[in-house]
Amino acid sequence: MPEINLLRTDTIAVGSVCNITETLAARANQNQPTLSFEFFPPKDEVGEANLWAAFDKLAEVKPDFVSVTYGAGGSNRERSLAIVDRMAKDVMTIGHLTCVGSTRTGTSKIIKHFEDAGVAAILALRGDSPKDDPDALEKGELKTALELVQLAHEVTSLEVGVAAFPEVHPESAHMQHDAMVLALKQQAGASFAMTQLFFTVEAYTDLIEASSAAGADMPIIPGVMPIANAKQVIRMAAMSGAHIPPKLMQQLEDADEVTARKIGMDYITQLSLDLIKVGAPGLHIFSLNQSVAALELARGVGLCR
Ligand SMILES: Cc1cc2nc3c(=O)[nH]c(=O)nc-3n(C[C@H](O)[C@H](O)[C@H](O)COP(=O)(O)OP(=O)(O)OC[C@H]3O[C@@H](n4cnc5c(N)ncnc54)[C@H](O)[C@@H]3O)c2cc1C
């Protein structure tokens, strides 16, 4: 395995890359992983102020790109698009796009909006039927992320990324099924993947192995969540079906808030270093619209400039 230079002293030459795959390749040539952050559209004005304060702080360390989530069923569409519009002016931006409950025409219009906003790529997702519209998937025209990748390929030249699941998608019987679906998405034009949160390096290496065996050899960027607020991360892990290793779980539950933060941040920093060591092409940090823990993690693995 090549030795990885974690000191990102140099930047990628301005204008030399214009999309995510090229950025990943340029960083790989420098033996460096990419650094990126995920943001979500906040619910109110206080959340909005937090988001932009966090974005400004995180932009200072020159991430290679950022991404912005999108509510399934278009629940927060306007806010998501407004954030994408603004971020894309400053940093290479990936707009997440879900298709559950959507029409082909409506989805094509949003893809056009992303194009006009200057996004680098869309992350093509199915999304899940919202609680207040449990039949959304049945009612919509597009049933899977694969169909969204195909549609995107028809209507835009934007780069397309997709989701990957180190702990297997909750509706899938096994990892090989997910890997087969990932390979179909690659054949349909997807050129990179980003993962759901997970907590062991084995979960990531198992995914890479299964995907590669199925013919999906696109870069798969691990998504990592700073464990600063242990209770919040435990809740989010449960919602996404990610397993926190029993020993870590016990330590987090037994410790007071301050100690739990130290244990959690040390754990996720070491996991991130291990992921880079096994060849992860970058780290996509779920910022939760907060800069402090995201920066601590990025600095802890030596990815800040
Ligand atoms: C990095 C990342 C970002 C995310 N961002 C968002 C976001 O912004 N907004 C949001 O609402 N949700 C988001 N999600 C959650 C995601 O939408 C859900 O996990 C959803 O349940 C599945 O999305 P998908 O794109 O993987 O769907 P799909 O690829 O459609 O997969 C859903 C299920 O169907 C199966 N399947 C799909 N296609 C086929 C096929 N052709 N043949 C057989 N089986 C098939 C899959 O194996 C899987 O079990 C994100 C997830 C990740 C990992």
Side-chain angles (χ1 to χ4, degrees), residues 20 36-42 65-77 79-81 83-84 87 93-102 107 110 114 119 121-134 136-138 140-152 160-190 192-198 203-204 207 210-211 214 216 218-225 236-242 280 282-289:
I20 305 302
S36 54
F37 298 107
E38 181 187 283
F39 298 91
F40 65 86
F65 50 90
V66 297
S67 82
V68 181
T69 67
Y70 185 94
S75 54
N76 55 10
R77 180 172 55 207
R79 270 175 290 126
S80 181
L81 294 182
I83 293 164
V84 165
M87 284 191 185
T93 300
I94 300 172
H96 294 211
L97 179 58
T98 62
C99 64
V100 59
S102 307
T107 305
I110 296 166
F114 279 146
V119 307
I122 62 170
L123 194 69
L125 304 145
R126 185 196 71 184
D128 299 312
S129 295
K131 279 201 188 89
D132 60 359
D133 189 8
L137 188 59
E138 262 168 54
E141 270 177 21
L142 294 158
K143 306 291 184 197
T144 65
L146 176 61
E147 289 173 38
L148 178 54
V149 175
Q150 287 161 341
L151 175 67
V160 178
V162 292
F165 298 86
E167 299 213 43
V168 184
H169 186 271
E171 294 162 35
S172 298
H174 43 69
M175 173 79 84
Q176 283 66 30
H177 179 85
D178 278 352
M180 178 272 292
V181 173
L182 204 56
L184 290 175
K185 290 176 182 176
Q186 182 173 316
Q187 285 160 25
F192 67 93
M194 302 176 110
T195 76
Q196 187 56 279
L197 76 161
F198 61 97
Y204 180 74
L207 168 72
S211 304
M218 61 184 149
I220 301 180
I221 308 164
V224 285
M225 183 170 284
M236 294 181 88
M239 272 163 50
S240 73
L283 284 185
H284 192 55
I285 300 180
F286 301 121
S287 77
L288 302 175
N289 294 357

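All ligand and atom numbering here is 1-based and tracks the order in the structure.
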Would you say His96 and Thr69 are linked by a side-chain donor-acceptor pair, where the criterion is simply a distance under 3.5 Å? no
Kindly list each side-chain donor-acceptor pair under 3.5 angstrom involving residues 174-183, sequence neighbours excluded, with atom names and distances?
from, atom 1, to, atom 2, distance (Å)
His174, ND1, His177, N, 3.2
Asp178, OD1, Ser172, OG, 2.5
Asp178, OD2, His169, N, 2.7

Atom 52 (C) of ligand 1 - nearest protein heavy atom and its distance: Ala163 CB, 3.7 Å
Taking the non-hydrogen atoms of Phe165, is any one of them nearer than 4.0 angstrom to ligand 1? yes
Hey, is Lys185 one of the residues with a heavy atom under 4.0 angstrom from ligand 1? yes
Work out which heavy atom in Phe39 is nearest to a heavy atom in Val66; give both atom names and the distance. CE1-CG1, 3.8 Å
Going by the order shown, which atoms of ligand 1 are within less than 4.0 Å of some heavy atom of Val181? 36 (N), 37 (C), 38 (N), 39 (C), 44 (N), 45 (C), 47 (O)
Nearest candidate to atom 5 (N) of ligand 1, where distance is taken over non-hydrogen atoms, out of His169, Glu38, His96: His96
Which residue owns the protein heavy atom closest to atom 14 (N) of ligand 1, what's the atom, and how far is it? Leu125 CD2, 4.1 Å
Val100 and Asp128, any side-chain heavy atoms less than 4.5 Å apart: no
Identity and separation of the nearest protein heavy atom to atom 7 (C) of ligand 1: Tyr70 O, 3.4 Å
In terms of its nearest heavy atom to atom 35 (C) of ligand 1, the top option of Glu171, His177, Met180 is His177
Taking 4.0 angstrom as the limit and counting only heavy atoms of Thr144, give me the atoms of ligand 1 inside it, by number and element. 30 (O), 37 (C), 38 (N)
Which residues pass the salt bridge (Lys or Arg N to Asp or Glu O under 4.0 Å) test with Glu138, sequence neighbours left out? none
Which residue supplies the protein heavy atom nearest to atom 49 (O) of ligand 1, what is that atom called, and how far is it? Ser172 OG, 2.7 Å
Determine, counting only non-hydrogen atoms of the protein, whether one lies under 4.0 angstrom from atom 47 (O) of ligand 1. yes
Can you name the nearest heavy-atom pair linking Ala242 to Leu197, along with the distance? CB-O, 3.5 Å
In the protein, what heavy atom is nearest to atom 21 (O) of ligand 1, and what distance, to one decimal place, separates them? Asp128 OD1, 2.5 Å
Can you confirm whether Ile220 sits close enough to Ser211 that some side-chain heavy atom of one is under 4.5 Å from a side-chain heavy atom of the other? yes
Is the shortest N/O to N/O distance between Leu146 and ligand 1 below 3.5 Å? no
